[in-house]
Amino acid sequence: MKKIVDGIEIEVNLNTPWWLLDGYAAITLAENIYVKSENRVTESLVRHEYIHVLQQREMTCPKIINEKITAKVKFIKFLAIYLYDFITKGGYYNIRFEKEAYANDDVKDYLNNRPAFNWKNY
């Protein structure tokens with residue numbers, strides 16, 4: 001399904017991975033947003049997850065063979081920083097990517113005005 005947030009058309013997948021934990025409403029994997037059910041698709045949830053898409057796109061990486069492989073390397077880099085923060089900073093809510101997303105998921109037009117690499121400020 002498509003959802004328009006801050007004037008941006010965002011693709012939201014309702015077919016979530018089978019292993020998505022019950023406690024989560026949504027997850028972003030390799031720039032794909034998965035939501036457990038259509039009734040959970042709110043503007044703030046989609047904005048939160050799309051912030052993660054933008055963060056993943058900001059992972060610097062030279063082009064490797066083709067775009068698919070490059071995207072996977074960028075996702076692995078994102079995941080490595082995510083796990084590093086989770087382990088060293090004391091859990092999910094202390095991860096810099098989550099801090100930025102939670103701080104701005106209700107900020108209208110944030111997706112259009114977000115400074116590049118803003119996650120580094122958290």
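Side-chain contact check for K99 versus N94: some heavy-atom pair is nearer than 4.5 Å.
Counting non-hydrogen atoms of neighbouring residues, nucleotides and ligands closer than 6.0 angstrom, the NZ atom of K89 exceeds 12 such neighbours. Other residues, nucleotides and ligands contribute only 12 or fewer heavy atoms inside 6.0 Å of the CZ atom of F86. In the displayed structure, Y84 atom OH is contacted under 6.0 Å by at most 12 heavy atoms of other residues, nucleotides or ligands.
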Practice prompt. Begin from the C-alpha positions of T28 and F75 and carry the test side chain to side chain contact (heavy atoms under 4.5 Å, CB included) through to its verdict.
Written response: CA-CA 10 Å; T28 301; F75 178 69; over 6 Å; no

Fill in: Test log, rule side chain to side chain contact (heavy atoms under 4.5 Å, CB included), inputs L54 and Y110
CA-CA 12 Å; L54 297 175; Y110 181 73; over 6 Å; no

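Here the NZ atom belonging to K72 is positioned 8.5 Å from the CD1 atom belonging to I76, to the nearest 0.5 angstrom. Rounding to the nearest 0.5 Å gives a distance of 10.0 Å between CD1 of I51 and CD of E98. How far CD1 of I33 is from CD1 of I27: 11.5 Å, rounded to the nearest 0.5 Å. In this structure, I95 CD1 and T88 OG1 are separated by 9.5 Å, a value rounded to the nearest 0.5 Å. The CG atom of D109 lies 8.0 Å from the CD1 atom of I8; values are rounded to the nearest 0.5 Å. Here the straight-line distance linking atom NZ of K74 with atom CE of M59 works out to 8.5 Å at 0.5 Å rounding.
Among residues two or more places apart in sequence or in another chain, the salt bridge (Lys or Arg N to Asp or Glu O under 4.0 Å) test is passed with R96 by D85. Under the ring-ring contact (aromatic ring centres under 6.0 Å, His included) criterion, F97 pairs with F78, W119, sequence neighbours left out. Shown here are the side chain to side chain donor-acceptor pair (under 3.5 Å) partners of Y102, two or more places apart in sequence or in another chain: Y92.
Listed by first and then second residue, the ring pair (Phe, Tyr, Trp, His ring centres under 6.0 Å) pairs involving residues 50-72 are H48-H52 (not counting sequence neighbours). A salt bridge (Lys or Arg N to Asp or Glu O under 4.0 Å) check over residues 112-122, counting only residues at least two apart or in different chains, returns the pairs E58-R114, E100-R114. Pairs engaging residues 42-57 under the salt bridge (Lys or Arg N to Asp or Glu O under 4.0 Å) rule: D6-R47, E31-R57, E43-R47, E43-K108 [sequence neighbours left out].
For the pair L14 and S37, the tightest heavy-atom approach, listed with the atom from each and the gap, is CD2-C, 4.0 Å. L45 approaches V41 most closely through the heavy-atom pair CD2-CA, 4.4 Å.
A distance-only check finds no donor-acceptor pair linking the side chain of K3 to the backbone of E11 [under 3.5 Å].
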